[in-house]
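Quick note: numbers below take in every heavy atom, side chains included, and nothing from hydrogens, waters or symmetry partners. As the structure lists them, so they are numbered: ligands from 1, and atoms in each ligand from 1. Every value quoted in this text rests on a predicted model; they were computed, and no experiment measured them.
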Amino acid sequence: MIYLDYNATTPLAPEARDAMLPYLGRLFGNPSSIHAAGRMARAAIDDARDRMAKILEARPHEIIFTGGGTESDNLGVIGLARQRKADGNHLVTCVTEHHAIIHAFEYLEAGENFRITWLPVDHCGAISLEDLKAALTPETTLVSVMSANNETGTLQPVSGIAAICRERGILYHCDMVQSFGKLPLDVATAGPDAISISAHKFNGPKGTGLLWLRAGVPIRNILHGGFHENERRPGTENIAGIVGMTVAAELSMAGIESARQRQEALRCQLWDGIRSAFPEAWINGHPTLRLANTLNVTFPGIDGESLLINLDLEGIGASSGAACMVGSIQPSHVLLAMGVEPEHAKSSIRFSIGKQTTEEEIVETIEKLPRIFERLKK
Ligand code: PLP
């Protein structure tokens with residue numbers, strides 16, 4: 001199969017799997033136990049935390065290991081909003097966020113009496129800093145805007161958002177699930193106060209992630225239990241997952257610039273092939289401020305779901321955007337927010353390239369396109 005859906009998930013790096021295996025076997029101890037088996041498990045987590053902190057240029061205790069991007073987003077948004085509720089009940093986010101953010105904010109609005117401002121985006125998918133400034137009130141305590149959109153790859157102005165929030169003493173949480181491992185990150189200077197990351201997006205294991213939380217920023221737990229993760233996230237740690245994520249993060253960061261250049265070249269090659277097979281097609285997203293690997297294309301007159309099925313029949317895996325929306329006939333909320341007509345949103349699909357994508361795969365995909373479009377147009 002030609003897999004072109006790396007924004008949905010990525011294969012586990014063999015190096016990460018090898019590092020995980022001992023913790024799925026003989027090193028099975030509970031890190032909270034005081035005996036030797038427990039101490040070995042604790043040492044593995046401490047080591048992973050130190051290494052992850054080094055990658056992020058953070059301090060080890062700023063890292064809260066979680067069960068993935070969704071949990072990190074929920075902890076970042078709900079935990080920080082609740083913690084600061086005495087200071088104000090107004091929160092700001094953006095209409096094109098992932099559902100892990102959108103549904104967390106909707107929950108706070110419906111269930112906990114918070115007021116939410118949903119920032120619009122322009123036709124490229126970016127927010128305006130002027131809109132952000134205009135939305136902020138003395139009651140605003142938290143802003144959450146992602147770094148890179150999972151459907152279009154459009155980048156948001158993270159450092160500009162951070163500067164505006166910092167000036168006003170407002171916390172800034174950023175969902176970096178799609179950009180981590182694709183763009184360099186140094187948390188101390190990036191600007192946000194909290195950052196969500198998910199391992200399976202950068203060749204780490206599924207069900208593992210972290211929330212980086214700037215030192216000194218208090219947070220309210222959203223899970224209740226023991227005293228793990230400096231009393232911020234209870235639950236016996238997923239040691240194998242944490243170890244695998246750390247190795248995958250090290251690998252991603254080591255090859256970040258060469259991977260970006262290679263993926264950009266492959267994306268341009270794919271787009272050239274698409275354009276010659278289907279000249280009416282267009283790209284959704286920002287022309288330059290974007291992830292190198294993501295190509296969201298509208299094929300006017302073609303039903304997106306049928307196109308995905310036909311690509312699949314030819315052995316090519318792409319996506320209609322957010323993976324969790326597959327099977328739903330709803331057009332993408334991201335494209336609609338960018339002003340794409342509903343019928344065009346339903347004619348749009350996302351190709352996302354990864355470290356394992358080869359030029360041969362792109363060439364083969366391009367070769368198959370004319371036949372697929374011929375069939376669909378009939
Ligand atoms: N945020 C973004 C931008 C994503 O793309 C995803 C996954 O698609 C998530 C959050 C959720 O991450 P996870 O699958 O680890 O829960």
Mark up the atoms of ligand 1 that fall under 4.0 Å of a heavy atom belonging to N150, in ascending order.
3 (C), 5 (O)

May I ask you to say whether E139 pairs ionically with R84, meaning some side-chain N is under 4.0 Å from a carboxylate O?
no

Got a donor-acceptor contact below 3.5 angstrom from the R115 side chain to the E109 backbone?
no

Per-atom contacts of ligand 1 with D175, taking only distances under 4.0 Å to non-hydrogen atoms
1 (N), 2 (C), 3 (C), 10 (C)

Looking only at distance, does G68 have an N or O less than 3.5 Å from an N or O of ligand 1?
no

Here the atoms of ligand 1 under 4.0 Å from any heavy atom belonging to M146 are 3 (C)

Does any N/O atom on N7 come nearer than 3.5 Å to any N/O atom on ligand 1?
no

Enumerate donor-acceptor pairs with a distance under 3.5 Å from any side-chain N or O in residues 237-249 to protein atoms, sequence neighbours excluded.
unit_1, atom_1, unit_2, atom_2, d
E237, OE2, R42, NH2, 3.4
N238, OD1, G241, N, 2.9
N238, ND2, T208, OG1, 3.2
T246, OG1, I242, O, 2.8

Any residue meeting side-chain contact (heavy atoms from CB on, under 4.5 Å) with D50, in chain and number order, not counting sequence neighbours:
P60

Electrostatic pair E250:K54 at N-O distance under 4.0 angstrom
no

Could you establish whether K201 and ligand 1 come within less than 4.0 Å of each other, counting only heavy atoms on the residue side?
yes

Find all atoms of ligand 1 within a distance of less than 4.0 Å from any non-hydrogen atom belonging to D73, and give their numbers and elements.
1 (N), 10 (C)

My understanding is that we take every heavy atom of each candidate and find the minimum distance to atom 14 (O) of ligand 1. Doing that for K206, E97, H98, H200, which one comes out nearest?
H200

Which of the numbered atoms in ligand 1 are below 4.0 angstrom from a heavy atom of S198?
13 (P), 15 (O)

Can you name the atoms of ligand 1, numbered from 1 with element, that are less than 4.0 Å from a heavy atom of G69?
12 (O), 13 (P), 15 (O), 16 (O)

Looking only at side chains, do H344 and T298 share a donor and an acceptor under 3.5 Å apart?
no

Residues E314, R371: salt bridge by 4.0 Å N-O rule:
yes

